[in-house]
There are 2 protein chains.
Amino acid sequence: MRNTQATIRDIAIKLNISISTVSRALRGAPDVNQETKKAVLEMAEKLNYEPNRVAQSLRIKRTNTLGIIVPEISLHFFSSAISGMQEEAAQHGYSIMICQSLESFETEKQNVHMLAANRVDGLLISMSSETKDVAHIQSLINKNIPVVLFDRVSDALPVAKVVVDDHDGAFKATEHLIQTGCRRIAYIGGPLTFYISNQRKRGYLDALLHHNIIPDEQLIVHCHELHTEPLEQVKRLLSLPKTQQPDALFCLNDPIAVPVLQLLKEKNIRVPEEISVVGFTNEPVSAFIEPSLTTVSQPSHEMGKKAIELFLEQSHDLDNFTPVTATMKTTLLVRNSTRKV
Amino acid sequence: MRNTQATIRDIAIKLNISISTVSRALRGAPDVNQETKKAVLEMAEKLNYEPNRVAQSLRIKRTNTLGIIVPEISLHFFSSAISGMQEEAAQHGYSIMICQSLESFETEKQNVHMLAANRVDGLLISMSSETKDVAHIQSLINKNIPVVLFDRVSDALPVAKVVVDDHDGAFKATEHLIQTGCRRIAYIGGPLTFYISNQRKRGYLDALLHHNIIPDEQLIVHCHELHTEPLEQVKRLLSLPKTQQPDALFCLNDPIAVPVLQLLKEKNIRVPEEISVVGFTNEPVSAFIEPSLTTVSQPSHEMGKKAIELFLEQSHDLDNFTPVTATMKTTLLVRNSTRKV
DNA sequence: CTGAAAGCGCTAACAG
DNA sequence: CTGTTAGCGCTTTCAG
């Protein structure tokens, strides 16, 4: 933003007509003389005119911009979801503004404020694992700003959501472990307040119970932090007395499962012979790591698109809108980190 | 953007003072009575006031927003660069707006227009492989909008750039292939107008010449499209008469090299015994694929940060600014897709 | 079909 | 220390 940018006023003066006529011509209003319109368009071209969306937004009280908050852009699940959103949003004339919370509650709050200050027309949020208090998001709802939660959602918020059936995915994954002979299956999860982790834990527990396996509290791990703690916890589990050690690890997600697989390789523990590993998400590396990782795949790109669709529906009919939850399908991808049936 | 958002006017009325005083208090101007200031801040809090950056931007002619255009968000190199930018930008009070060109010139042009219309304070661009005409970017420069090109840059543009030494990286990679006994080394590159590809090709050629190997035109491939064509071309090379077949493939980047590696596996061609493969970029999968991919790594996150730094320098001193090019270090990561020395 | 005028929410002289 | 005033660039009545 500097000088030298032509405005409708410049066009109006050059053409010796009023700025309202220019404005009309530019926006293709019907009640404008063809000749005038042509002249305006030509002059705009000549002056390299670029509409000022900032001024427009202020006037029409819409920015045609959507805000997105994700924990970490560079995780493939999120960049892929963003990519889906971006494509869908662009098709409907929306730009997107992106923030990352880096799994920090404070940063997430700041992000929300920043995007609200920018008067985005809607917010698409995947919550940080740290977030339990959802007042900052609730306040958006109170201000009538459409919010769509995706993947990392919260029960406490009456908003549109895009999720996969985490319970079902976890159930299938755990059942697969059981069916391939595992009995002491550990769950490596996130904080106790982390909704998505709890859903997956419930699926895991239900699968155990369904197959008459009594859950062992010792094998259920809640990590407060998702980068280094999971590895520590796995090491701890592996140092338990032989009979108490797990014979399978069901990890909250692939970004946890992949390093776990590497750790096991370092320790010369054979996968899946000695221990099976299952992840969740299906990050690209998971197919390539040796052994390839059995995981529950989520349709990240489609989830992104869907989130935009839900926003659009909601924004068309803000007054009588009831929060919908779109549940997408997961697929259990059986690869080589689990035993054959 | 809907109703119910408090403005400084609301605060002024409630407190029975002028809006300029409110404005001053809110921005922490020095010449405001402590009491007044306190009252304003409290009232702002109470009304859930959120500054309107749209109005601010229009008035001060700066948006504190940066535009980013990348070919594809979900490629790790780009999402990682974006992540670096986002973190650095946030520290300096900038928001970011993201577009993807999807390797389409037309889309890239549209992106530029959209971001210009949004009056971003600067643009960070990694050009599509299709882009040869750079007039759309030149026009930004003419309008005094700071532009920083990163990774996918163009020679024709006098702007700040963040690159790696592509020539050097390619030279090292090719030399490594030669030193491990390869003689018929193919280059799988991009379009002839694709700057980065040409740089890498030159590094490749210079390495060959340096080692007295006469380049074979037949082994130098230019793909117009980067998703499916490279595989076709490799298949073609593999169907040449035995003596004309390559014994190594140096690929423009990892997103090409990885599928190539898979193709070779399908065809039961042993890597690196029968043919060596080298990539460029170092995507996360490259370390995990079997055999792991020898590649030239680029510091994506740092390149992103650096790009923001260059923007900041430039925007501080727009008038007498000379375009700098920051060249970052690459590292040859020798893994298992090439033979041992 | 066109123009005049008001105003979106905010900042920044200028004057007190 | 505070208030008045004039816009930033645009859209949108309301008149003609």
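In what follows, every chain begins at residue 1, and chains take the letters A, B, ... in the order their sequences are listed.
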Rounded distance in Å - [atom1] ([X]) to [atom2] ([N]):
X	N	atom1	atom2	answer
A/L47	D/dG9	CG	P	14 Å
A/K61	D/dT12	NZ	C1'	14 Å
A/R53	D/dC10	CZ	C1'	14 Å
B/R62	D/dG9	CZ	C1'	18 Å
A/I17	C/dA4	CD1	C1'	14 Å
A/L58	D/dT12	CG	P	13 Å
A/E50	D/dC8	CD	P	20 Å
A/L26	D/dG9	CG	P	15 Å

Checklist entry - Do you know the tightest heavy-atom contact between B/L26 and B/V40? => result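 What the structure gives for the nearest pair is CD1-CG1, 3.7 Å.
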Item to check | Minimum-distance pair of heavy atoms, taken over all atoms of B/D133 and B/F105 | outcome: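 Nearest heavy atoms, B/D133 then B/F105: O-CE1, 3.3 Å.
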Next on the checklist: Can you tell me if A/S18 touches the phosphate of C/dA4, counting only side-chain N or O atoms and a distance under 4.0 Å to OP1 or OP2?
Outcome noted: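 For C/dA4, neither OP1 nor OP2 has a side-chain N or O of A/S18 closer than 4.0 Å.
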Checklist entry - Between B/E42 and B/K38, is the closest basic N to carboxylate O distance under 4.0 Å? => result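 Yes, charged N to carboxylate O under 4.0 Å.
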Checklist entry - Do the charged groups of A/E50 and B/K143 touch, with an N to O distance under 4.0 Å? => result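 Looking at B/K143 together with A/E50, the answer is yes, because their closest N to O distance falls below 4.0 Å.
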Item to check | From CA spacing to verdict: side-chain hydrogen bond (donor to acceptor under 3.5 Å, both in side chains), A/S80, A/S83 | outcome: CA-CA 5 Å; A/S80 170; A/S83 163; 5.9 Å; no
Checklist entry - How would nucleotides 11-16 of chain C be written as a contact map, 5' to 3', with B for base contact, S for sugar-phosphate-only contact and - for no contact, using protein heavy atoms under 4.0 Å? => result BBBB--
Item to check | Closest to the A/D31 side chain, choosing from C/dG3, D/dG9, C/dC1 | outcome: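 It is C/dC1.
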Next on the checklist: If the helix axis at each end comes from five base pairs, how far does the helix from C/dC1-D/dG16 to C/dG16-D/dC1 deviate from straight, to 10°?
Outcome noted: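 Terminal axis comparison yields 40°.
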Checklist entry - Do A/S128 and A/E103 have side-chain atoms, one donor and one acceptor, less than 3.5 Å apart? => result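 No, A/E103 and A/S128 have no side-chain donor paired with an acceptor closer than 3.5 Å.
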Checklist entry - Side-chain donor-acceptor pair under 3.5 Å between B/N142 and B/Q138, yes or no? => result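 Yes, side-chain donor-acceptor contact under 3.5 Å.
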Item to check | Beyond-backbone contact of A/H301 with A/E87, side-chain heavy atoms, under 4.5 angstrom | outcome: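 Yes; the side chains approach each other to less than 4.5 Å.
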Item to check | Pair A/F321 + A/H316: ring centers closer than 6.0 Å | outcome: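 No, the ring centres sit 6.0 Å or more apart.
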Checklist entry - Run the side chain to side chain contact (heavy atoms under 4.5 Å, CB included) check on A/M303 and A/F77 step by step: do they pass? => result CA-CA 10 Å; A/M303 288 175 77; A/F77 174 78; 3.9 Å; yes
Checklist entry - Atom CE in A/M114, atom OG1 in A/T107: separation rounded to 0.5 Å? => result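 If we round to the nearest 0.5 Å, A/M114:CE and A/T107:OG1 are 13.0 Å apart.
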Item to check | Proximity to DNA chain C (any heavy atom under 4.0 Å), residues of residues 33-43 of chain A only | outcome: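 Per residue number, the list reads A/N33, A/T36.
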